[in-house]
Amino acid sequence: MIRGLAGVLATLVLLTGAAAAVPVDEKTVHDVAAQLRCVVCQSLSVADSPSETANQMRGIIRERLAAGESPAEVRAYFVEKYGEWILLAPPKSGFNLLVWVVPFAGLGLGLVLVAIVLRRWSRNTPSGAPAGVDPALRERIRREMAEKDSP
Amino acid sequence: MRASWLRWVIPAAVVPVLMLLAYGFKTNPREIPSPLLDRPAAAFTVTTFAGSPLSLESLRGKVVMLNFWASWCRPACYEEAPALERTWREYKDKGVVVVGIDIQDREEAARTFLAEFGHSFPNAPDPAGRIAVDYGVYGVPETFFIDRKGRVRFKQVGALTDELARQRLDTLLKEPS
Amino acid sequence: MIPELGYGATVAALALALWGAVATAGAARTGRADLLRSGERAAVGIWVLITACIALMLYAFLTFDFSVRYVAFNTNRGTPFYYRITALWGALEGSIVLWSWLLSIYALIVVVQYRRRQPELYPWVLSVMLGTLAFFLLVMTIPAPPFERLSPIPPDGRGLNPLLEDSGMITHPVALYLGFTGFTVPFAFAVAALIVKRTGEEWITITRRWTIIAWYFLSLGLLIGGWWSYHVLGWGGYWAWDPVENAAFMPWLTATAFLHSVMIQERRHMLKLWNLGLIFLTFGLTLFGTFLTRSGIIGSVHSFTQGSIGVFFLAFLALVLLGSFSLLASRVDRLRAEGVLDSVVSRESMFLLNNLFLVAAAFTVFFGTVFPLLSEAVRGVKVSVGAPFFNLVNIPIFLALLFLMGVGPLIAWRRASAENLKRNFLKPVLAGVVAAAILRGLGVGNALVLTAMALVVFVAGTISLDLFRAVRTRRRNGNGWAAATFGLLLRQNRRYGGFIVHLGILVIALGVAGSQAWSVQTEVTLQKGQTVDLAGYHVRFDGLDATEESNHAKVTGTFTLSNGRRGETVLLPGRKFYPQEQTPIAAVDYRLGLLEDVYLVLGDFSRDGSQATVKLQVNRMVSWLWIGGLVLTLGAALAILPEARRPA
């Protein structure tokens with residue numbers, strides 16, 4: 001109990017000692033790093049990349065978060081230095097909205113087309129087969145009967 | 001049943017895609033335009049390999065050629081190193097300062113590099129990569145030309161040549177401080 | 001000597017291919033058997049010449065003949081023996097040789113298989129294949145000649161890209177190319193069928209096995225690529241949505257759609273137009289993938305060199321796409337659907353949805369891959385489109401496909417009655433829900449993971465239920481369980497081969513879901529003797545060693561791994577310093593396990609070996625991806641077996 005209390009006190013002292021220092025959650029560093037593109041690799045994020053550059057960038061992220069910047073501000077800093085290209089996925093605004101919207105729009109359009117095709121197929125004149133026995137079941141029966149008869 | 005022109009939609013739709021791909025030949029995916037051009041250069045303070053402090057502020061009023069290099073950067077950094085030293089010797093009395101920043105390097109290898117080329121302009125390591133990121137560096141070598149007012153005006157990606165350096169420096173030297 | 005001989009063989013092969021394509025087309029139009037025979041002989045000649053090229057190149061590699069530019073650029077005197085052989089396809093020019101060689105083998109197989117069996121289609125099929133060969137040989141002659149002479153002859157070569165000195169890179173290109181080139185055959189048959197106006201199911205039935213085999217090799221190539229990424233690149237992941245990964249993934253997606261939609265055309269005579277378009281698109285995407293890797297328009301792990309090769313590929317891609325789709329457009333009237341549907345709840349509609357989702361995924365991947373180019377063209381601003389985008393859009397699609405995988409094979413054709421639905425799906429759905437509940441109880445909170453797991457259990461349930469019922473019925477003949485199962489699998493090998501392939505995909509899905517959700521990592525600097533703990537594992541840094549290999553210097557860290565249960569393991573991650581490379585290459589070490597892998601990457605270290613930075617990962621369920629690949633192999637093998645004969 002006393003050890004725990006001492007620990008808390010020590011932490012408080014450390015925190016107040018470092019004037020503006022904010023304790024940094026490694027997960028936050030990882031989250032921010034995962035949104036940035038490693039500049040020397042192809043397609044890897046700063047979080048994933050084993051390169052030295054990515055290592056240093058993670059250090060800078062950690063420093064800035066510790067200095068009190070928000071994740072958005074850290075991201076904005078990198079965009080200011082490298083351009084939009086540094087973000088691993090384009091911001092959802094302006095022309096870039098296109099990349100976020102078009103796939104879903106395409107999927108929606110596709111669903112509509114599938115519905116139209118299904119309707120058209122249903123409207124073709126029915127062949128007049130007797131309702132009741134499912135054709136797949138009939139096929140299976142036939143096959144199993146044939147197997148039964150084989151030696 | 002359907003309008004006969006509809007059938008040609010798919011072959012026609014292929015054309016703009018092909019044109020976009022053809023456009024791709026004109027681009028270079030490895031070259032990223034710098035957003036720092038015509039903006040104030042990021043301030044920094046370093047300790048040179050010679051042991052003295054150096055800050056960008058103190059160089060205000062002069063034209064600064066800021067070069068990022070590394071001893072493991074072959075062949076480009078080795079190709080441009082003599083040109084850097086020559087440029088420095090030619091322009092140092094004309095109000096130009098050449099500064100080299102060494103990134104992601106080991107001290108020993110860096111000093112060997114400097115000794116090999118006899119660099120007499122200030123060089124400093126950037127151990128945590130802060131300066132490199134502040135200048136949006138994504139490879140070596142990269143050289144930034146900063147005018148007398150402290151703004152980044154040109155960026156050279158890849159090895160620098162004497163002519164290119166001269167061209168840039170002459171342009172910036174003509175401007176008032 | 002070798003450069004000149006090789007170049008001569010290449011030009012001769014090109015001439016033969018051009019002649020062969022023209023002669024067989026002429027034979028198709030006029031019916032002249034002599035032209036056809038000439039074209040067949042050309043096909044044989046091409047294979048002989050390309051094989052000779054390969055033999056010459058291998059000889060040059062093995063004798064360190066640096067007068068051949070390709071040899072000098074891709075090996076040096078220190079390159080180990082087997083990598084000198086596989087360096088053949090390690091760079092651009094050689095990869096084209098490999099592609100051409102595999103294509104020429106496929107052309108020969110087509111000659112042998114179909115010259116008597118398909119007299120009407122065969123001449124056009126051969127013409128298309130020889131025409132495609134002619135294109136690749138043209139590339140080998142003009143923009144990317146492998147037999148360029150280097151003068152003066154350097155004393156030593158540059159060396160193979162160190163990332164390629166690995167078993168994965170030996171097999172990955174071969175598997176991938178067997179897949180890519182394999183799709184030339186169904187494509188050729190589709191074109192032939194359209195030209196001669198035999199637009200029924202024939203071309204599909206003939207090419208069924210080709211499609212499965214090509215699809216399988218493409219899947220294998222993708223998995224090996226993932227394995228290579230995982231154990232070589234040092235980031236502990238197997239897929240990065242890199243443009244070239246995407247380029248191979250797109251044809252895989254459309255080929256999977258094609259595999260399924262042809263079943264509808266076979267049974268119900270519908271989707272004729274769609275299937276033709278789909279195989280044209282798939283073949284086009286294989287060319288697009290090659291174009292992407294070689295043109296330099298999009299930066300990537302794989303990008304070879306630039307030069308004019310991109311122009312050649314774009315021109316051929318344009319010819320193929322515009323030509324085949326125009327041919328399709330001109331024959332549209334012969335492609336009416338003949339079948340009827342009674343209900344939207346039926347197997348036909350499940351297959352349509354399957355196709356929709358797969359093609360939507362392919363479109364998403366395509367759009368995301370070319371969007372940076374579009375952005376630059378329109379706004380002049382470069383953007384990146386990476387994992388966050390692809391994951392966001394594709395994960396829901398893949399979950400939907402998982403669901404369809406369970407429903408599709410068992411739902412009735414034409415109209416599924418309530419009885420049919422209840423009988424086949426009630427228990428599996430319950431099983432899925434129960435599985436999700438159990439996982440939730442065990443502390444899994446992530447909704448996506450829960451959904452994925454529930455779906456996996458659901459699909460496994462439908463497959464098991466169907467298999468169990470079928471075997472039980474068969475047993476009524478008096479067979480034992482094993483005999484009945486075996487007999488069933490062989491008798492209905494198409495159906496159950498497909499089921500086993502689905503099982504393989506399930507296993508892979510499990511691996512992907514588990515590894516994304518439950519893997520952990522940490523990065524720490526250790527002094528000698530210090531330890532780090534993660535997920536129950538205890539890792540101690542014991543020291544560093546420096547060694548000299550034949551073509552690189554290596555620093556290896558010794559780490560002792562223990563977790564109480566399995567005893568101690570020594571892991572040796574290192575960093576390799578190749579003189580021709582700018583930065584060191586990570587040599588990862590790992591201990592693989594069924595449920596989790598321990599993965600170590602060596603980072604910075606001090607010169608005296610007293611401290612080292614290490615990244616430690618515990619990656620869960622990754623082995624299931626490779627196991628899934630094995631299951632896929634079994635399923636595909638079963639599916640392509642010859643049909644069991646019925647007694648007279």
Side-chain angles (χ1 to χ4, degrees), chain B residues 1-35 37 68-79 103-113 127-129 136 138-141 157-159, chain C residues 243 273 277 280-281 284 288 291-292 295-300 303 306-308 310-311 313-315 317-333 335-336 366-367 370-378 380-384 577 579-584 604-607:
Chain B
M1 201 170 110
R2 273 210 215 90
S4 66
W5 59 263
L6 250 182
R7 59 176 71 185
W8 299 104
V9 163
I10 304 279
V14 169
V15 175
V17 175
L18 292 170
M19 284 172 55
L20 179 64
L21 296 177
Y23 169 80
F25 291 129
K26 295 195 359 213
T27 68
N28 180 352
R30 297 185 208 280
E31 216 172 77
I32 317 295
S34 174
L37 297 182
F68 287 86
W69 60 276
S71 68
W72 43 263
C73 150
R74 286 171 206 276
C77 294
Y78 286 75
E79 276 168 14
I103 67 167
Q104 295 176 29
D105 218 342
R106 291 195 326 266
E107 185 175 337
E108 204 182 291
R111 287 187 189 277
T112 312
F113 182 91
Y138 56 90
V140 276
V157 173
Chain C
L273 184 66
F280 291 162
L281 185 62
F288 176 67
F291 164 74
L292 215 55
S295 64
I297 66 170
I298 294 184
S300 154
S303 290
Q306 269 111 300
S308 57
V311 177
F313 267 96
L314 188 59
L317 183 62
L319 177 68
V320 164
L321 286 177
L322 291 173
S324 58
F325 280 110
S326 300
L327 180 61
L328 188 59
S330 69
R331 299 275 200 263
V332 147
D333 319 301
L335 300 166
R336 297 263 159 257
F366 175 77
F367 196 62
V370 301
F371 189 75
L373 207 52
L374 186 64
S375 170
E376 200 174 338
V378 170
V381 175
K382 279 197 165 85
V383 295
S384 302
F577 300 86
Q580 76 269 28
E581 295 298 317
Q582 292 200 345
T583 43
D604 270 335
F605 48 86
S606 63
R607 291 221 83 199

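Labels below follow one simple rule: chain letters A, B, ... track the order of the sequence lines, proteins then strands, and each chain is numbered from 1. Please read these numbers as outputs of a predicted model, since none were measured by experiment.
Not counting sequence neighbours, the partners of E107(B) by the salt bridge (Lys or Arg N to Asp or Glu O under 4.0 Å) test are R111(B).
Of the two parts of A22(B), the backbone and the side chain both hold a non-hydrogen atom closer than 4.5 Å to a non-hydrogen atom of chain C. Contact annotation for V9(B): neither backbone nor side-chain heavy atoms come within less than 4.5 Å of a heavy atom of chain C. Contact of E108(B) with chain C is made through the side chain alone, with heavy-atom distances under 4.5 Å.
Between the Y23(B) side chain and the L18(B) main chain, no donor and acceptor come within less than 3.5 Å of each other. Using modelled atom types, one side-chain atom of W72(B) and one backbone atom of Q104(B) make a donor-acceptor pair closer than 3.5 Å.
Looking only at heavy-atom pairs under 4.5 Å with chain C, the residue among V14(B), I10(B), L21(B) that has the most is L21(B).
The aromatic rings of W69(B) and F113(B) sit parallel to each other, their planes meeting at less than 30°, with 60° as the upper class boundary.
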